[in-house]
Amino acid sequence: MTETRPAPADGCPVAHRTTEPVFDEAYFADPYPLYDQLRTAGPAHRVTAPDGSAVWLVTRYADVRQGLADQRLARHPKYNKGGYSGIPLPEDLRVILATTDPPHHTRLRSLINAAFTRRRVESLRPRVDEVVDRLLDAMADTDGTVDLVAALAAPLPITIICDLLGIPEDERGAFRAYTDGIVGTDPAGAAQGCQDMVAFLKRMIALKRTEPDDALITGLIDARDQDDRLTESEMVGMAFMILIGGYDTTLSMISSGALALLRDPERAAQLRAYPGLMPAAVEELLRFEAPVQNAIRRFATEDLVIGGVPIEAGSAVVLSIGSAGRDPEQYAYPGRMDFERDDTTHVSFGFGPHFCPGAQLGRMEVGASLRQLLIRFPEMTLADEALRYRPGFTFRELSTLPVVLGKQAGR
């Protein structure tokens, strides 16, 4: 159980100031007991995030869903009046999709939506299946013990999102090192990761100016150079958001989904027997183990009330998606996976204007990975129960997932 410590007298309502949660290794390993405590204690809590910033953490499904669509909770840092620090972003990432609001956000969103049309994403299905098959073939050639993160969950989304952007294969090696810093809890490491990623993307943009192709970075350059719809910084920021959003969330979804099925053999057997349940299973796994545990901070543009708790204008507000997915007021037996659950709604891809544009692609990659894993390695088991999660307040992500593959099907 994650420990708590007495909360400071910071002026928040007494009913929501009994203890302040500690976001430590125990939380990273299993955040759900803490979420249960917080939901029971109240709908919104003044807490100290791992980077040292004071934020309001909102934990109940109804409030989280409403907050995701509430335009009074803005992304732009100009509304930050409460002293929130966060990550010091490079100049080229000061105005990106994740930190803008309408109408600027609407303009940027229309461009990124063009990259993730249903038809375009569906056209990637053969490539996704091909990459999954290739990665599983490589796993089958090992001695039977494999790290699923390194062998499947990380390389699949890296390959697909870099294909989409047009990043050459020999340029993809340093990508994960950059993202490890960006999504961690150390502000200095996150800032350095952002700077490294910006330098990398600028180099890729320069390359595509001299060697254009039909991939997305070239498309962003065309939008910049021909129609003048994107500034240079907006182009870097757009590519940054696609890379980070398409990689870390999918890595988390694949590894967490595989772990959940390894720990629940009955549900795994159900999917082998009824593969048509996979789309519903993906939605349930997204609810059960949300890849984004806590949404990107927002700022109250005016004094407002969340779940009866007054929030002052300028305060930073974090909506806890992971907690919302385990709210018993929304879901019956939320700590249990149920692939035939009546209520399949969740907010793991967000809700409202910032709904994840790559949701369809993420679902496709997770479904393809888990389907083929279950078919090809029906005897797969966990090699070690002592699992480590990367420290992170936003993403929930396994560092490794060691498994014993066992005998392959048909062999």
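One-based numbering along the sequence shown.
- Of the possible donor and acceptor atoms, none in the side chain of Thr59 sits under 3.5 Å from a partner among the backbone N and O of Tyr35.
- One distance of note links CG of Leu124 with CZ of Arg119; it measures 13.5 Å at 0.5 Å rounding.
- Using a cutoff of 4.0 Å between basic side-chain nitrogens and carboxylate oxygens, Glu329 and Arg65 are not scored as salt-bridged.
- Residues Glu283 and Ser348 form no side-chain contact, since every pair of their non-hydrogen atoms from C-beta on lies 4.5 Å or further apart.
- For the pair Arg75 and Phe299, the cation-pi test (distance below 6.0 Å, angle within 45°) is failed.
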Are Leu68 and His354 close enough, and set up right, to give a side-chain contact (heavy atoms from CB on, under 4.5 Å), and what steps lead you there?
CA-CA 8 Å; Leu68 289 168; His354 289 276; over 6 Å; no
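- For Tyr274, the OH atom sits in a loose shell: 12 or fewer heavy atoms of surrounding residues, nucleotides or ligands are nearer than 6.0 Å.
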Would you sort out whether Arg127 and Ile160 count as a side-chain contact (heavy atoms from CB on, under 4.5 Å), showing the intermediate values?
CA-CA 8 Å; Arg127 175 61 171 161; Ile160 299 304; 3.8 Å; yes
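- With Arg396 contributing its side chain and Phe28 its backbone, the two residues share a donor-acceptor pair below 3.5 Å.
- Taking Phe349 as the reference, nothing meets the ring-ring contact (aromatic ring centres under 6.0 Å, His included) condition, with sequence neighbours excluded.
- A 4.5 Å side-chain heavy-atom check between Asp24 and Pro391 finds every atom pair outside the cut-off.
- Counting only heavy atoms from C-beta outward, the side chains of Leu135 and Val131 approach each other to under 4.5 Å.
- Between the side chain of His346 and the backbone N or O of Leu286 there is no donor-acceptor pair closer than 3.5 Å.
- The two residues Gly350 and Phe355 come nearest to each other via the heavy atoms O-CD1, 3.5 Å.
- Side-chain contact between Met204 and Leu165: absent, with no pair of heavy atoms (C-beta onward) separated by less than 4.5 Å.
- With Leu405 as the partner, the side chain to side chain contact (heavy atoms under 4.5 Å, CB included) test is satisfied by one option alone out of Leu373, Leu136, Thr142: Thr142.
- Rounding to the nearest 0.5 Å gives a distance of 4.5 Å between CD1 of Ile311 and CD1 of Ile306.
- Not one N or O on the side chain of Glu284 forms a donor-acceptor pair closer than 3.5 Å with the backbone of Phe339.
- In this structure, His45 and Gly42 approach most closely via the heavy-atom pair NE2-O, 2.8 Å.
- Looking only at side-chain heavy atoms (C-beta outward), Phe377 and Val403 stay at 4.5 Å or farther from each other.
- The shortest heavy-atom contact between Ala332 and Arg341 is O-NH1, 2.6 Å.
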Identify all side-chain donor-acceptor contacts of residues 145-157 below 3.5 Å with residues at least two apart in sequence or on another chain.
| residue | atom | partner | partner atom | Å |
| --- | --- | --- | --- | --- |
| Asp147 | OD1 | Val149 | N | 3.1 |
| Asp147 | OD1 | Leu401 | N | 2.8 |

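- Annotation: ring-ring contact (aromatic ring centres under 6.0 Å, His included) contacts of Tyr61 (sequence neighbours excluded): Tyr331.
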Assess whether side-chain contact (heavy atoms from CB on, under 4.5 Å) is satisfied between Leu216 and Met238, documenting all intermediate values.
CA-CA 10 Å; Leu216 189 55; Met238 190 79 74; over 6 Å; no
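- Although no hydrogens or angles enter the test, the distance criterion places a donor-acceptor pair under 3.5 Å between the side chain of Thr249 and the main chain of Gly245.
- Between the CZ atom in Arg371 and the CZ atom in Arg376 there is a gap of 12.5 Å [rounded to 0.5 Å].
- Looking at Thr210, its side chain does come within 3.5 Å of a backbone N or O of Leu207 through a donor-acceptor pair.
- Side chain to side chain, Ser320 and Asn294 meet the donor-acceptor criterion of an N or O pair below 3.5 Å.
- Annotation for Arg298 and Gly67: closest pair NE-O, 4.2 Å, computed over non-hydrogen atoms.
- Looking at heavy atoms from C-beta onward, Leu370 lies in side-chain contact with Leu285 at the 4.5 angstrom threshold.
- Looking at every heavy atom in both residues, Pro31 comes nearest to Gln293 through CG-OE1, 3.5 Å.
- Under the 3.5 Å distance criterion, the side-chain polar atoms of Arg388 are left unmatched by any main-chain donor or acceptor of Thr400.
- With rounding to the nearest 0.5 Å, the separation of OG in Ser252 from OH in Tyr389 is 8.5 Å.
- Across all non-hydrogen atoms, the minimal contact from Met235 to Arg209 is CE-NH2, 3.6 Å.
- Taking 4.5 Å as the limit, every side-chain heavy atom of Val64 sits out of range of all side-chain heavy atoms of Phe351.
- Here Glu232 contributes atom CD and Leu220 contributes atom CG; the two are 10.5 Å apart, rounded to the nearest 0.5 Å.
- Rounded to the nearest 0.5 angstrom, Asp264 CG and Leu259 CG are separated by 11.0 Å.
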From CA spacing to verdict: side-chain contact (heavy atoms from CB on, under 4.5 Å), Arg60, Gln330:
CA-CA 9 Å; Arg60 295 177 181 174; Gln330 180 67 22; over 6 Å; no
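- Using a 4.5 Å heavy-atom threshold, the side chains of Gln372 and Asp129 count as separate.
- At least one donor-acceptor pair under 3.5 Å links the side chain of Arg39 to the backbone N or O of Ser323.
- In this structure, the side chain of Arg287 engages the main chain of Pro334 through a donor-acceptor pair within 3.5 Å.
- Residue-environment remark: CG (Asp141) exceeds the threshold of 12 foreign heavy atoms within 6.0 Å.
- Surrounding CD of Gln66 are at most 12 heavy atoms belonging to other residues, nucleotides or ligands under 6.0 Å away.
- There is no side-chain donor-acceptor pair under 3.5 Å between Arg363 and Gln360.
- Arg172 contributes a side-chain N or O that, together with a main-chain N or O of Ile167, makes up a donor-acceptor pair within less than 3.5 Å.
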